[in-house]
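A quick write-up on the structure given underneath.
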Amino acid sequence: MPEAGELLLQLSQVSKYFGGVRALHEVDLELHRGEVVALVGDNGAGKSTLIKVISGVEHPDSGTIQVRGESVRLETPRAAQSAGIHTVHQDLSLCDNLDAVRNLFLGQEITGGLLRGRPVSRHRMEVEARQVLDSLAVKLRSLTTPVGGLSGGQRQGIAICRALISDPSLVLLDEPTAALGVTQRAEVLDLILRLKAQDRGVLVISHDLKDVQEVADRVVVMRLGSKVAEFGRGDYSSSDLIAAITGAHEAPRTPEGIR
Amino acid sequence: MSTQQIQPPTAAPAAAPAEAGTPMLSRMVEGLSGRYRSIPVLLVLALIWVYFYSQNSAFLTSGNITTLTLQIVTTAILALGVVFVLLVGEIDLSSAMLSGVCATVTAQLAIKSEWPLWVAILGGVAVGVAFVGAEVLAIIFGVPSLIVTLGGMVILQGLLLVVLPPEFAINVAGTDYAKISSTYIPSGWSLALGAAGWLIFCATRYRTHRERESGTSPLVPVGVPALVSGVVIFGSIAVLSEGPGLPLPVLILVGMLLIAAYFTGRTRYGTHLYAVGGNREAAQRAGIPVSRMVIYSFLVLGVCAAVAGMVEASRLLAVSNSSGGGPLMLNAIAAAVVGGVSLFGGRGTVWAALLGALVIGSINNGVQLLGLSTEVQSFATGGVLILAVAIDVVITRGSLLPNRR
Ligand SMILES: Nc1ncnc2c1ncn2[C@@H]1O[C@H](COP(=O)(O)OP(=O)(O)OP(=O)(O)O)[C@@H](O)[C@H]1O
Ligand SMILES: [Mg+2]
């Protein structure tokens, strides 16, 4: 593994069942600092479930999760956050009734002392919010209108900007480009590379194989809850990916693992 | 970082400010769902007042206004608790009965057992908090709050008969208990309190302005709210002082509203409260302790119910098997909703409790003043409630047309 930085995340033999549905079956996954890993697979392959397991929303039925070499139990989203894992979920997880600033800082508000009831420092949050939004060229008419009234792209922008607020070491993105126009899609890919340049680990789900080939250092293919293939950058063609995703023929597993 | 990336307006339809072309109507709806939510309520209130005043000029005398404020205080305090529960997306049907039980417990302790009044009051509040505590445990285990509090209401009806003495009433006239509602603050004191409150408001407003946009004139962002709040504060004190003075229950209500407004509007707790009501899953994923926020809301409701019950008992000079019954529960929920709190959670402010109680109280008071039959009162209150919920639905859906979104 020539390009690998510090090992950030290691999943081994993680399984998850929803009643009779096998959403994840003995999945192994590694993620390093400064690395972008793409997760691809058909609808219902278990990609979102895998991300939810890593972000503490769902709990695996078996298997272990290690963060920076230490075995952890991610019981709650907050536990995952304090382990340095930030997630942008497929449904964006925004509160439509709150404005952009409150959404950006949700759960990590800048506050005053306990004696005054932890008042939020609206001004400081607004200044920081503006910086973060500007840095990704997310344009909002006003920081005080509820985000429910904003366009899909603006909402997506806010959800991704949340990743920068807490300065996480690992960012999980569930279909971040799905709702975006051409320019904003390029912005998001740019953001992913910027996160990588900041030496964070990025795990990104995408159905767009062009995007995947553009940003991913490694591609992990899932089908029916299992990891069926893994390719290093430049080691595959689009048809290899499609074959692995659809299971058209047995995907060639590279013998020496990654690259 | 990426300032050179200017977005061509044609290439990114999603990023362009789509709101620019939206019709006036939906922009109005959007504005009303935000910070201008109380404007239609104030308009309705003004209409009601003008109507009753034109029918009978006694409606706006300071004497009648004092009566009106005393009539609405109980509803408003209870509605304040209901607002907290509605904001996290739950509902409550039991708090009115609970207020009767708490008031009775306090009366028992203060009058029959002759405990000091403040200990008796604490006892009543403890009962309120304990009962909602039990209810909310069932709710966070997944039983719908509608059912839990409906059952709770029936249990409380029985409990009221248990805590009442065999004659089913306790007379509190002439005791310290009765003084809660019959105490009036002298004009000098209420003026001083009002002035202090107003100065603090203006000072914080000015500081926020200086912090935010240093350099611009503070005339509009600070001056206008200062003027409006000054007119409201000193106007109401002047009107009430012309009568017997500022009633103590009104002071209690205003104090509770101010504390509630601070915590819901300015603190992290408030942000989390609205987040839980707006999108529970998102709140949970953001690390907000959702169940704990629901518990807090119900505990606040328990305290509000106890205080409301005691104020009502001391106003009526008795507790009885009808305490907390009648239209009180419906009025409290209606007040919260009419005031602009969404039944779907996460929208509205604590001031809705006051505004809504004023609307409903003014209708009741005016109808009685005109000597109209009680049917008219029911029709008007019911009509206003349905209208308010219709507005709520429109705002939540973001459109005036049916079946959109
Ligand atoms: N909360 C749940 N309860 C029951 N079944 C679930 C739940 N969440 C996911 N599943 C099931 O688990 C499987 C994997 O779902 P998942 O959402 O992870 O797929 P995905 O790969 O993200 O698909 P998509 O590309 O459509 O987003 C599906 O069969 C789905 O029906
Ligand atoms: Mg998914």
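Fair warning: this is a prediction, and the values are worked out from it, not measured in the lab. Naming: A, B, ... by sequence-line order, numbering from 1 per chain.
In this model, no donor atom of one side chain and acceptor atom of the other lie less than 3.5 Å apart for B/R268 and A/T111.
Comparing A/H89, A/R122, A/R102, A/R124 by how many heavy-atom pairs each has under 4.5 Å with chain B, the most go to A/H89. Heavy-atom pairs under 4.5 Å with chain B were tallied for A/G107, A/P119, A/S121, A/S82; the largest tally goes to A/P119. Ranked by heavy-atom pairs under 4.5 Å with chain A, the first of B/H272, B/E281, B/R280 is B/H272.
At a 4.5 Å heavy-atom cutoff, the contact between A/L106 and chain B is made by backbone and side-chain atoms alike. If you measure heavy-atom distances from A/Q108 to chain B, you find no contacts under 4.5 Å at all. Only the side chain of B/F263 comes within contact range of chain A, with at least one heavy atom under 4.5 Å from a heavy atom of that chain. With a 4.5 angstrom heavy-atom cutoff, A/D91 touches chain B only via side-chain atoms. In this structure, chain B has a heavy atom under 4.5 Å from the side chain of A/R162, while its backbone stays farther away.
In this structure, B/Y274 and A/N97 approach most closely via the heavy-atom pair O-ND2, 3.0 Å. The two residues B/Q284 and A/P77 come nearest to each other via the heavy atoms O-CG, 3.3 Å.
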Candidate pair A/T87 and B/R285, rule side chain to side chain contact (heavy atoms under 4.5 Å, CB included), full reasoning: CA-CA 9 Å; A/T87 313; B/R285 286 176 185 171; over 6 Å; no

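Ionic pairing of A/D96 and B/R347 is not present here: no N-O contact between side-chain nitrogen and carboxylate oxygen is shorter than 4.0 angstrom.
Contact check for B/N279 versus A/L94: no side-chain heavy atoms found under the 4.5 Å cut-off. Considering only heavy atoms from C-beta on, A/V120 stays 4.5 Å or farther from B/R266 through its side chain. Counting heavy atoms from C-beta outward, A/E109 and B/Y269 have side chains that stay 4.5 Å or more apart.
Atom CD of A/E70 has 12 or fewer heavy atoms from other residues, nucleotides or ligands within 6.0 Å.
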